[in-house]
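Note sheet for the following structure.
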Number of protein chains: 2
Amino acid sequence: MTEPRPVRLPDSPLPITPQAQPEADPAPVAAGLAVERVDTSFLETLIGYNARRAALTIIATFIPRMAQFGLRPVEFSVLTLIGHNPGITARQLCATLDLQPPNLVGMIKGLEKRSLLEKRDHPSDRRAQGLHLTPAGESQLEQAQATALALEVDATPRLTPLERVTLLRLLRKIYQPDH
Amino acid sequence: MTEPRPVRLPDSPLPITPQAQPEADPAPVAAGLAVERVDTSFLETLIGYNARRAALTIIATFIPRMAQFGLRPVEFSVLTLIGHNPGITARQLCATLDLQPPNLVGMIKGLEKRSLLEKRDHPSDRRAQGLHLTPAGESQLEQAQATALALEVDATPRLTPLERVTLLRLLRKIYQPDH
DNA sequence: TATTGTTATACTCTATAACTATA
DNA sequence: TATAGTTATAGAGTATAACAATA
């Protein structure tokens, strides 16, 4: 077995500088030295890694604060889109939020059972149903949206208003390829 | 039942401009009009929503390209950290990547069975084990890292190099509160 | 023939409780 | 008493196949 060797890449965009390694020991220690500070420099060069970590951080604040409304992240998105788009269909929700139709069925059913939304006949397609908020749903959504705006700022306290705008613009460029 | 009313917030950071609504109809249509273009303006003001959508977009490219190495996103992160931090413990991996220890056990076991990493005695704590890549693991990791760097650029074609640097910096400010 | 909504189902991911060996 | 690693298990999230009604 060879001496543990830090991985290096030829084209790394940032210098990869691992911990100082133990010099060759006269009495070789099979286990090596303990790691004191974890080097995360390579992962931090990856947008996917950083975006995922940031999203999970905000969601970790979102979930407990939205629990008062009984809304999980995707349920909040669904309710928001119905509120701003009365008569939207399940198919349109799936396309907009990148959901699989079977996974939306139970969600709609639950929100309907809680009297937050209702299905109506679609005006031109008898296969489809238009989704509409009830007055209770609209009231709930208004409070939930205010909570969402406030918690986002609380969850990202180190971002300035300008940085927020910049960040939103760059993130949209990733998942909206044709805008 | 009242006329469908678009939700408005007093303090919305961006103007919320829903679709033009149907004027009051002399013969009231219970179902309303169909939605033509979905208004997502409110969700697009939320960093959490945009970060999640962007992360999922990149991961959707990551998964099929990393399948050739049999590495899923978290497995790639684990292998990377072990490669750059020989002797790191499971506890340190969990703390760094925000994983639950029980969820790491099977992953380590699988990577060990594939001879990509090995456990060694920890030099000072007999409860813990130091994790090290095998030569096969290091080789695999080098190729996987090169693939990860390339696919990120492919998955975010509309970002300039400067925008990438800016985005990484802002995302890190979210999930690294004390840097 | 294609699409909307649906059911059933399976697979992955994540979280909690409880245990052991050691610090 | 606290911590590192582990087991078992439950829940949430996500994916595919197949179907009825309608386009």
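Every value quoted in this text rests on a predicted model; they were computed, and no experiment measured them. Within every chain, numbering begins at 1; the chains are lettered A, B, ... in the order of the sequence lines, protein sequences first and strands thereafter.
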Take B:Ala128 and A:Ser124, find for each the nucleotide of DNA chain D with the closest heavy atom, and name the residue whose nucleotide sits nearer the 5' end.
B:Ala128
Would you mind telling me which residue lines up with the more 5' stretch of DNA chain C, A:Leu56 or A:Gln92, judged by nearest nucleotide?
A:Gln92
Send over the distance from [X] [atom1] to [N] [atom2], rounded to a whole Å.
{"X": "B:Phe62", "N": "C:dT12", "atom1": "CZ", "atom2": "P", "answer": "17 Å"}
{"X": "A:Leu93", "N": "C:dT6", "atom1": "CG", "atom2": "C1'", "answer": "16 Å"}
{"X": "B:Leu97", "N": "C:dC13", "atom1": "CG", "atom2": "P", "answer": "14 Å"}
{"X": "B:Gln100", "N": "D:dA8", "atom1": "CD", "atom2": "P", "answer": "19 Å"}
{"X": "A:Leu99", "N": "C:dT4", "atom1": "CG", "atom2": "C1'", "answer": "15 Å"}
{"X": "B:Leu71", "N": "C:dC13", "atom1": "CG", "atom2": "C1'", "answer": "17 Å"}
{"X": "A:Leu104", "N": "D:dG13", "atom1": "CG", "atom2": "C1'", "answer": "14 Å"}
{"X": "B:Ile59", "N": "D:dG13", "atom1": "CD1", "atom2": "P", "answer": "16 Å"}

Can you tell me if [X] touches the phosphate of [N], counting only side-chain N or O atoms and a distance under 4.0 Å to OP1 or OP2?
{"X": "A:Lys119", "N": "C:dT4", "answer": "no"}
{"X": "B:Arg126", "N": "C:dA23", "answer": "yes"}
{"X": "A:Arg127", "N": "C:dT4", "answer": "no"}

State which of [options] makes the closest approach to the side chain of [X].
{"X": "B:Arg72", "options": "C:dT16, D:dG5, C:dC13", "result": "C:dC13"}
{"X": "B:Asn103", "options": "D:dG5, C:dT6, C:dT14", "result": "C:dT14"}
{"X": "B:Asp125", "options": "D:dA8, D:dG5, C:dA23", "result": "C:dA23"}
{"X": "A:Val74", "options": "C:dA17, D:dT14, D:dG5", "result": "D:dT14"}

Distance flag, aromatic centroids of A:Phe76 and A:Phe62, threshold under 6.0 Å
yes
Using the six-membered ring wherever Trp is involved, compare the ring planes of A:Phe42 and B:His84 and label them parallel, tilted or perpendicular (cut-offs 30° and 60°).
parallel
State plainly whether one hydrophobic cluster holds both B:Leu56 and B:Met66, where clusters connect Ile, Leu, Val, Met, Phe, Trp and Tyr through side-chain heavy atoms under 4.5 angstrom apart.
no
Between B:Thr96 (side chain only) and B:Leu93 (backbone N and O only), is there a donor and an acceptor less than 3.5 Å apart?
no
Indicate yes or no for a side-chain donor-acceptor contact from B:Lys173 to the backbone of A:Arg158 under 3.5 Å, with no hydrogens or angles considered.
yes
